[in-house]
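Any value given below was found using the heavy atoms of this structure, including those in side chains, with hydrogens, waters and symmetry copies removed. First the proteins, then the strands, lettered A, B, ... as listed; each starts at 1.
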Protein chains: 4
Amino acid sequence: MSSDNILDKIYEKSKLSNKETTKQQKIVEIAIKMFAEKGYANTSTSEIAKAAGVAEGTIFRHYGTKENLLMWVITPFLKDLIPVIAREFIEGIDKDAKSLEEFVRIVIQNRYEFINKNQDIFCIVVKEFLYKDVLIKEFIPYMSNYVLDFIYTTLDKFKASGEIIDLPNPVIIRMILTSVFGYFTMRFLLLKEYNISGKEEEIELLTRFISRGLKAP
Amino acid sequence: MSSDNILDKIYEKSKLSNKETTKQQKIVEIAIKMFAEKGYANTSTSEIAKAAGVAEGTIFRHYGTKENLLMWVITPFLKDLIPVIAREFIEGIDKDAKSLEEFVRIVIQNRYEFINKNQDIFCIVVKEFLYKDVLIKEFIPYMSNYVLDFIYTTLDKFKASGEIIDLPNPVIIRMILTSVFGYFTMRFLLLKEYNISGKEEEIELLTRFISRGLKAP
Amino acid sequence: MSSDNILDKIYEKSKLSNKETTKQQKIVEIAIKMFAEKGYANTSTSEIAKAAGVAEGTIFRHYGTKENLLMWVITPFLKDLIPVIAREFIEGIDKDAKSLEEFVRIVIQNRYEFINKNQDIFCIVVKEFLYKDVLIKEFIPYMSNYVLDFIYTTLDKFKASGEIIDLPNPVIIRMILTSVFGYFTMRFLLLKEYNISGKEEEIELLTRFISRGLKAP
Amino acid sequence: MSSDNILDKIYEKSKLSNKETTKQQKIVEIAIKMFAEKGYANTSTSEIAKAAGVAEGTIFRHYGTKENLLMWVITPFLKDLIPVIAREFIEGIDKDAKSLEEFVRIVIQNRYEFINKNQDIFCIVVKEFLYKDVLIKEFIPYMSNYVLDFIYTTLDKFKASGEIIDLPNPVIIRMILTSVFGYFTMRFLLLKEYNISGKEEEIELLTRFISRGLKAP
DNA sequence: CATGAATGAGACTTCATTCAT
DNA sequence: GATGAATGAAGTCTCATTCAT
């Protein structure tokens with residue numbers, strides 16, 4: 001069964017493709033840890049090599065470029081981050097036809113698990129997002145038109161039923177994303193050690209905050 | 001009358017104290033622009049010097065270190081960012097004894113202006129915040145106990161009157177800050193060019209979103 | 001058989017441990033020459049690199065710091081300089097129970113050879129000694145208590161037998177060292193080219209000068 | 001009455017010549033202190049300017065070059081160091097026709113006072129001596145033929161009377177100088193703080209050491 | 001005369017990347 | 001495939017010196 005942890009996936013992928021070495025695993029593992037901790041720009045390939053117990057040349061043999069290594073680490077995360085939201089979105093609504101609140105809860109729970117399991121990569125992505133337009137451009141296409149259309153019609157339904165406020169869809173989506181990613185950033189980057197309350201409770205609070213904030217007046 | 005724009009303040013300060021040179025102004029101006037655009041780590045002092053039409057040594061004659069230059073640019077911004085929020089908070093509530101919604105609106109409006117006028121520095125601060133613990137440590141003391149106490153008692157009052165949900169104060173504050181700064185980050189960093197709607201309207205939406213989200217059930 | 005020349009030792013050490021490269025040897029060789037000639041502070045790493053036919057980065061890949069390179073060159077010399085004196089001292093006296101004169105002669109001869117073979121490094125050490133307290137601190141511990149004790153009791157014996165003047169031991173030692181190193185400095189640094197007389201004769205003169213100077217009245 | 005302290009002399013000289021400013025005095029004073037403490041190469045003109053309370057340009061207005069400032073500081077010291085030895089030498093012998101020991105004593109005492117009063121400049125000279133051949137070349141001519149001739153004939157006289165060992169004059173002079181300057185260097189540079197015994201006693205010991213060391217067998 | 005802002009050459013150092021072994 | 005020595009471009013920073021004010 002395929003794990004939710006990106007690292008595992010990378011391992012699987014590479015095992016399938018080309019008799020992935022332990023060394024490659026180690027490189028990726030260490031790179032993730034160091035990029036997350038000190039940032040991509042402040043981590044040198046020689047540090048990674050040393051920490052991974054590998055010759056510096058080996059990194060370049062496998063990944064060609066430092067930037068390539070970053071992408072190798074980030075891409076599967078990005079691929080999973082939004083598409084799964086979308087699928088979840090669709091399935092969550094389809095199956096249960098629940099309220100917005102219920103839906104938001106499911107999404108947040110799901111993403112919480114995902115990010116919690118990949119905290120380091122999340123760190124990297126957030127930090128690099130601010131610098132590299134490339135990342136944003138690579139990110140957007142995953143938000144396919146099909147999915148967007150579905151989200152739009154769903155939101156329209158909620159708006160029609162008077163459950164949520166009547167605002168343009170992009171505005172609503174932006175509000176949800178801002179709140180959710182704002183929360184995750186604070187939770188997993190800035191206040192890592194401050195554990196105000198339990199996971200379940202925090203998710204519940206955030207869910208209520210968002211769904212109430214979007215309620216029709 | 002002292003402007004709200006940090007750049008102006010730096011100019012004023014230096015004009016008053018050291019007979020600041022045109023070159024120094026140029027250096028700071030260019031540094032802000034480049035740090036914001038490419039990030040502190042990815043901007044070299046030689047680039048700054050060249051763009052400012054100045055010898056590289058001149059930068060170091062005045063600021064000693066590249067990091068010093070960053071601080072010179074960031075510090076007044078940080079000094080203004082939170083304390084003013086706090087003062088506004090106190091005064092806004094005191095004067096008008098209005099609802100939470102009214103208060104949130106005032107704060108957001110005020111901060112919107114401030115950040116709008118100092119977009120570049122805001123960019124720099126957000127980006128560096130994720131890397132440098134130093135910044136956070138320099139930031140926190142401005143949130144004085146006096147202010148925090150006031151905020152706490154105010155929130156308690158709102159909770160007592162049943163206007164807002166009964167949650168621990170740190171949780172409420174965190175939610176507000178997350179939403180507000182999440183919004184600003186999206187607005188001024190990530191989606192600079194996407195102007196979904198007018199400024200007034202956006203502030204209004206965010207205000208309602210937050211104050212409703214915190215309403216008692 | 002291990003040579004008395006430090007350069008040889010460095011080569012041996014590195015050949016044994018790290019498969020030392022020709023380039024590394026060349027770097028050390030050139031560094032010694034240039035440090036000796038122009039002084040550590042007045043020799044740039046780029047000069048060394050150019051003269052050694054190596055990229056400047058190569059120096060730092062191996063030695064990390066310019067100061068490290070200096071230490072790499074100096075340390076084995078310092079390690080040998082005094083301890084060997086001490087051992088010689090002990091053995092020389094022990095074996096033959098000869099007069100002070102005989103002992104001084106042995107020591108000077110031995111040190112003459114040593115410094116003669118490592119003239120350049122001696123130059124470096126003398127010059128840097130005056131600037132860096134670090135060096136002195138690294139130097140002193142080699143003068144172990146055991147050795148000092150032995151020297152003291154030996155000098156006491158000479159004093160008891162009436163062969164040498166009755167002065168505090170530190171004073172006597174200081175006089176010997178001052179004369180010997182004063183001589184070496186003049187011989188190998190200041191008047192390199194002036195060869196007043198043959199080596200054997202000079203040693204003999206210095207020996208007599210010191211041993212007579214210390215004779216009891 | 002003309003002082004023995006070089007600083008005073010520089011002051012006098014400059015007062016006589018060109019309405020010497022307090023600033024120039026301060027510059028020289030500070031330069032001496034800093035060159036002595038940290039070495040010429042490790043002292044920057046900006047440091048000197050700051051410590052002297054003077055603009056950096058002022059230094060160059062007066063002395064043109066950093067090296068010039070060094071020379072301005074060193075030259076009068078050098079001029080006094082040896083010539084006075086020579087004069088003393090001549091007069092000491094002439095007047096009292098005493099033994100070598102008496103003569104050596106007078107010279108050492110005299111030089112001790114001189115160097116003691118100008119410790120900082122002595123430090124500078126010793127340190128720079130090792131680097132700059134220029135200094136040596138500037139130094140030698142002061143040892144005039146007339147003086148040398150006198151020393152030679154005097155030494156010859158002592159040798160003829162059987163008081164001192166029969167060695168070539170340069171060898172004898174070198175031995176004396178080596179011992180004396182070796183002692184001064186140890187006393188005023190390396191072991192500044194270690195005061196083994198009183199000044200008078202140390203001079204006496206050194207005098208006896210040298211004169212005995214040179215005695216005919 | 002004095003100032004100090006400005007300069008620019010050059011110092012030390014880092015690091016992604018290449019390539020012979 | 002793996003290694004790690006070597007590279008060289010680029011980065012931060014220092015400092016003696018100049019020159020307009």
Side-chain angles (χ1 to χ4, degrees), chain A residues 18-24 27 41-50 53-69, chain B residues 18-24 26-27 41-49 52-69, chain C residues 18-24 26-27 41-49 52-69, chain D residues 18-19 21 23-24 27 41-50 53-69:
Chain A
N18 38 313
K19 310 181 203 154
E20 167 89 341
T21 338
T22 318
K23 305 220 178 219
Q24 285 192 49
I27 291 171
N42 303 313
T43 306
S44 71
T45 50
S46 83
E47 280 176 298
I48 296 172
K50 200 177 295 169
V54 157
E56 213 172 338
T58 308
I59 294 178
F60 290 89
R61 165 156 292 281
H62 287 296
Y63 305 97
T65 311
K66 191 187 168 192
E67 177 123 10
N68 256 216
L69 176 57
Chain B
N18 314 3
K19 307 176 203 156
E20 168 100 339
T21 330
T22 318
K23 305 231 174 199
Q24 285 190 52
K26 199 76 188 160
I27 291 170
N42 303 313
T43 307
S44 74
T45 50
S46 81
E47 281 176 299
I48 296 174
V54 156
E56 206 172 348
T58 306
I59 295 177
F60 291 93
R61 157 164 250 281
H62 289 296
Y63 305 98
T65 308
K66 190 188 167 192
E67 176 126 11
N68 251 222
L69 177 57
Chain C
N18 315 3
K19 306 176 202 156
E20 169 100 338
T21 330
T22 319
K23 305 231 174 198
Q24 284 190 52
K26 198 76 188 163
I27 291 170
N42 304 312
T43 306
S44 73
T45 49
S46 81
E47 281 177 299
I48 296 173
V54 157
E56 207 172 346
T58 307
I59 295 177
F60 291 91
R61 157 162 250 281
H62 289 295
Y63 305 98
T65 308
K66 191 187 167 192
E67 176 125 11
N68 250 222
L69 176 58
Chain D
N18 37 314
K19 310 181 204 154
T21 339
K23 303 217 179 223
Q24 285 192 48
I27 290 171
N42 304 312
T43 306
S44 72
T45 50
S46 82
E47 279 177 299
I48 296 173
K50 199 177 294 170
V54 158
E56 214 173 338
T58 308
I59 294 177
F60 289 89
R61 166 156 292 279
H62 288 296
Y63 305 97
T65 311
K66 191 188 169 192
E67 177 124 9
N68 256 214
L69 176 59

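- Atom-to-atom, CD1 of D:Ile59 to P of E:dG4 comes out at 12 Å; the value is rounded to the nearest Å.
- Every side chain to side chain donor-acceptor pair (under 3.5 Å) that D:Ser44 has, sequence neighbours left out, goes to D:Ser46, D:Glu47.
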Tabulate atom names and distances for all N/O pairs under 3.5 angstrom spanning the protein and nucleotides 11-13 of chain F.
from   : atom 1 : to      : atom 2 : distance (Å)
F:dT12 : OP1    : B:Lys66 : NZ     : 2.7
F:dT12 : OP2    : B:Thr45 : N      : 2.7
F:dT12 : OP2    : B:Thr45 : OG1    : 2.9
F:dC13 : OP2    : B:Lys66 : N      : 2.8

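- With sequence neighbours excluded, no residue forms a ring-ring contact (aromatic ring centres under 6.0 Å, His included) with C:Phe60.
- Rounded to whole Å, atom P of E:dT3 lies 15 Å from atom NZ of D:Lys50.
- Distance CG (C:Asn68) to C1' (E:dC12): 13 Å, rounded to an integer number of Å.
- Once rounded to the nearest 0.5 Å, the distance linking CD1 of A:Ile59 with NZ of A:Lys23 reads 11.5 Å.
- For D:Lys23 and E:dT3, the shortest distance from a side-chain N or O to OP1 or OP2 is below 4.0 Å.
- A sub-4.0 Å separation between OP1 or OP2 of F:dA5 and a side-chain N or O of C:Arg61 is present.
- With sequence neighbours left out, the side chain to side chain donor-acceptor pair (under 3.5 Å) criterion links D:Thr45 to D:Glu56.
- Nearest heavy atom pair, residue C:Ala49 against residue C:Ala55, reads CB-C, 4.1 Å.
- Checked against side-chain contact (heavy atoms from CB on, under 4.5 Å), C:Ala52 has the following partners two or more places apart in sequence or in another chain: C:Lys26, C:Ile27, C:Ile30, C:Val54.
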Nucleotide-level pairing of DNA chain F, given in dot-bracket where Watson-Crick and G-U pairs need both distances under 3.5 Å and | marks other strands: .||||||||||||||||||||
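- Nearest-nucleotide positions on DNA chain E for C:Thr58 and B:Thr22 put B:Thr22 closer to the 5' end.
- Going from atom CG of B:Asn42 over to atom C1' of E:dA16 covers 14 Å, rounded to whole Å.
- The separation between B:Tyr63 atom OH and E:dA5 atom C1' is 12 Å, rounded to whole Å.
- Across the protein-nucleic acid pair, D:Ile48 atom CD1 and F:dT14 atom C1' stand 15 Å apart, rounded to whole Å.
- Distances were taken from every side-chain heavy atom of B:His62 (C-beta onward) to each of F:dT3, E:dA6, F:dG8; the shortest belongs to E:dA6.
- Expressed to the nearest 0.5 Å, how far CG of B:Leu69 lies from CD of B:Glu67 amounts to 10.5 Å.
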